[in-house]
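Along the sequence shown, residues are numbered consecutively beginning with 1.
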Amino acid sequence: MKAGVQTLIAYRMNFFGFAIGGLIYCFVMYYLWKAVFGSSGSDNFMGFSMVDMTLYLFLSNITSQLTFSSVCDDVGEEIKYGTIVMRLIKPVNTDMSYLANEMGGNGMKFIISTMPMIIGIEIYRFFAVGQVMFHIGSFALYLVSVILAYLISFRVNLCFGFMAFYVKNLWGMNILKNSIINFLSGMLIPLAFMPDFLRKTLEYMPFSSMNYTPVMIYMGKYSIYETVFRLLVQAVWAVIIYALSKIIWLGAIKRLSVQGG
């Protein structure tokens with residue numbers, strides 16, 4: 001975890017560039033959805049007001065930063081250049097070493113980036129609605145959901161990273177994977193805007209647990225019973241994908257063949 005913090009500090013311009021790029025994306029999407037609401041001739045679109053949509057866009061960006069995992073790239077690069085052998089010969093759990101490293105970096109992200117953005121969102125909501133909308137209970141449940149979302153994201157990316165044992169280079173496939181996850185997780189379009197059958201299907205898949213569920217919990221779109229149910233869905237997927245990653249690892253490690261070793 002300490003190494004993860006040091007890495008973030010050492011390459012802080014990369015982090016700030018990533019954060020600023022996310023903010024620019026949010027503002028671009030804000031004006032896009034503002035045009036959609038304007039053309040609809042209604043203050044409410046698919047159950048979302050413009051204030052809700054603005055909150056969703058920025059919260060989705062914050063959540064994606066907190067749940068982002070680069071373990072797929074890390075595993076792929078280490079296999080490509082042969083450096084993974086140094087990790088394998090050490091008396092440490094391989095996937096847990098990746099996890100601890102990322103958790104250190106994400107902890108710094110929460111302090112440096114997330115909290116200021118949350119404060120900014122709540123200030124906007126106060127002036128837009130005319131009253132304090134922040135609820136400590138929803139925020140606490142949001143944090144629990146984000147932790148579960150990150151564990152799912154980490155394991156999904158780890159499973160995908162293990163494919164490098166077979167295909168050696170994941171660059172192109174990784175771009176495709178990120179695009180699919182961004183769509184299915186509700187980061188690009190809220191799942192509530194999709195047809196009922198597709199929405200209900202996606203809500204039970206692990207992808208919605210990686211972004212959509214935490215955001216909707218923060219916004220208070222779920223009842224307390226539905227919130228508990230969604231958290232249980234996240235926990236179940238976290239366990240399932242953890243087990244899947246262990247199974248894939250047992251098969252992948254037998255096929256280790258590095259190009260740079």
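Counting only heavy atoms from C-beta outward, the side chains of Met96 and Leu99 approach each other to under 4.5 Å. Taking the side chain as every heavy atom from C-beta outward, Asn106 and Thr67 never approach each other to under 4.5 Å.
Tyr212 and Phe197 fall into different hydrophobic clusters, where Ile, Leu, Val, Met, Phe, Trp and Tyr side chains are chained together by heavy-atom contacts under 4.5 Å. Note on Met216 and Met187: separate hydrophobic clusters, where clusters join Ile, Leu, Val, Met, Phe, Trp and Tyr whose side-chain heavy atoms are under 4.5 Å apart, directly or indirectly. In the hydrophobic cluster analysis, where Ile, Leu, Val, Met, Phe, Trp and Tyr join through side-chain heavy atoms closer than 4.5 angstrom, Val92 is grouped apart from Val71.
Between Arg125 and Glu122 there is a salt bridge, with a side-chain nitrogen of the basic residue lying less than 4.0 Å from a carboxylate oxygen of the acidic one. The pair Lys221-Glu226 fails the salt-bridge criterion, with no side-chain N (NZ, NE, NH1 or NH2) lying under 4.0 Å from an Asp/Glu carboxylate O.
Here the CD1-CG distance, from Ile62 to Leu23, works out to 8.5 Å after rounding to the nearest 0.5 Å. Expressed to the nearest 0.5 Å, how far SG of Cys159 lies from CZ of Phe154 amounts to 10.0 Å. If you take CE on Met219 and CG on Asp52, they are separated by 4.5 Å, rounding to the nearest 0.5 Å. Between the CG atom of Leu184 and the CE atom of Met210 there is a distance of 9.5 Å, given to the nearest 0.5 Å. We find the OG-CG distance between Ser70 and Asn101 to be 8.0 Å, quoted to the nearest 0.5 Å. The CG atom of Leu188 sits 9.5 Å away from the CG atom of Asn211 when rounded to the nearest 0.5 Å.
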With a cut-off of 3.5 Å and sequence neighbours excluded, list every side-chain donor-acceptor pair involving residues 143-150.
unit_1 : atom_1 : unit_2 : atom_2 : d
Ser145 : OG     : Gln234 : OE1    : 2.7
Ser145 : OG     : Gln234 : NE2    : 3.2
Tyr150 : OH     : Glu102 : OE1    : 2.7

Run the side-chain donor-acceptor check on residues 239-250: report pairs under 3.5 Å with partners two or more places apart or on a different chain.
unit_1 : atom_1 : unit_2 : atom_2 : d
Ser245 : OG     : Arg155 : NH1    : 3.0
Ser245 : OG     : Tyr242 : O      : 2.6
Lys246 : NZ     : Asp95  : OD2    : 3.0

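In the hydrophobic clustering, Ile24 connects to Ile20, Val28, either directly or through intervening members, whenever side-chain heavy atoms lie under 4.5 Å apart. Summarising the hydrophobic clusters (Ile, Leu, Val, Met, Phe, Trp, Tyr; side-chain heavy atoms under 4.5 Å, direct or chained), the residues clustered with Val228 are Leu232. In the hydrophobic clustering, where aliphatic and aromatic side chains (Ile, Leu, Val, Met, Phe, Trp, Tyr) are joined below 4.5 Å either directly or transitively, Tyr124 groups with Val51, Val129, Met133.
A distance-only check finds no donor-acceptor pair linking the side chain of Ser113 to the backbone of Phe110 [under 3.5 Å].
Under the side-chain hydrogen bond (donor to acceptor under 3.5 Å, both in side chains) criterion, Thr213 pairs with no residue, sequence neighbours left out. Looking at residues two or more places apart in sequence or on another chain, you find a ring pair (Phe, Tyr, Trp, His ring centres under 6.0 Å) between Tyr142 and Tyr218. In this structure Tyr30 satisfies the side chain to side chain contact (heavy atoms under 4.5 Å, CB included) test together with Lys34, Met50, Thr54, Leu57, sequence neighbours excluded. Take Phe134 and apply the ring pair (Phe, Tyr, Trp, His ring centres under 6.0 Å) test, not counting sequence neighbours, and it matches Phe139. Taking the side chain to side chain contact (heavy atoms under 4.5 Å, CB included) definition, one finds that Ala238 meets it with Ile152, sequence neighbours left out. Legend: residues meeting ring pair (Phe, Tyr, Trp, His ring centres under 6.0 Å) with Phe68, ordered by chain and number and at least two apart, are Phe18. In terms of the ring pair (Phe, Tyr, Trp, His ring centres under 6.0 Å) criterion, Tyr98 has no residue partners (sequence neighbours excluded).
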For the pair Phe48 and Phe37, evaluate ring-ring contact (aromatic ring centres under 6.0 Å, His included) and give the outcome as yes or no after the intermediate values. CA-CA 10 Å; Phe48 279 62; Phe37 274 80; 8.4 Å; no

Show your working on side chain to side chain contact (heavy atoms under 4.5 Å, CB included) between Asn61 and Met117 and close with a plain yes or no. CA-CA 10 Å; Asn61 178 59; Met117 290 184 69; 3.6 Å; yes

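Crowding of Phe183 atom CZ: a count of heavy atoms from other residues, nucleotides or ligands under 6.0 Å not exceeding 12. At most 12 heavy atoms of other shown residues, nucleotides or ligands fall within 6.0 angstrom of atom CE in Met103.
Nearest approach of Glu203 to Leu191, heavy atoms of both residues: CG-CD1, 4.4 Å. Here the closest non-hydrogen pair linking Ser185 and Phe207 is CB-O, 3.1 Å.
No option in Phe27, Trp33, Tyr25 other than Phe27 meets the ring pair (Phe, Tyr, Trp, His ring centres under 6.0 Å) test with Phe58.
For the pair Arg199 and Tyr204, the cation-pi criterion (under 6.0 Å, within 45° of the ring axis) is not fulfilled.
In this structure, Tyr222 has its ring center at least 6.0 angstrom away from the ring center of Phe229.
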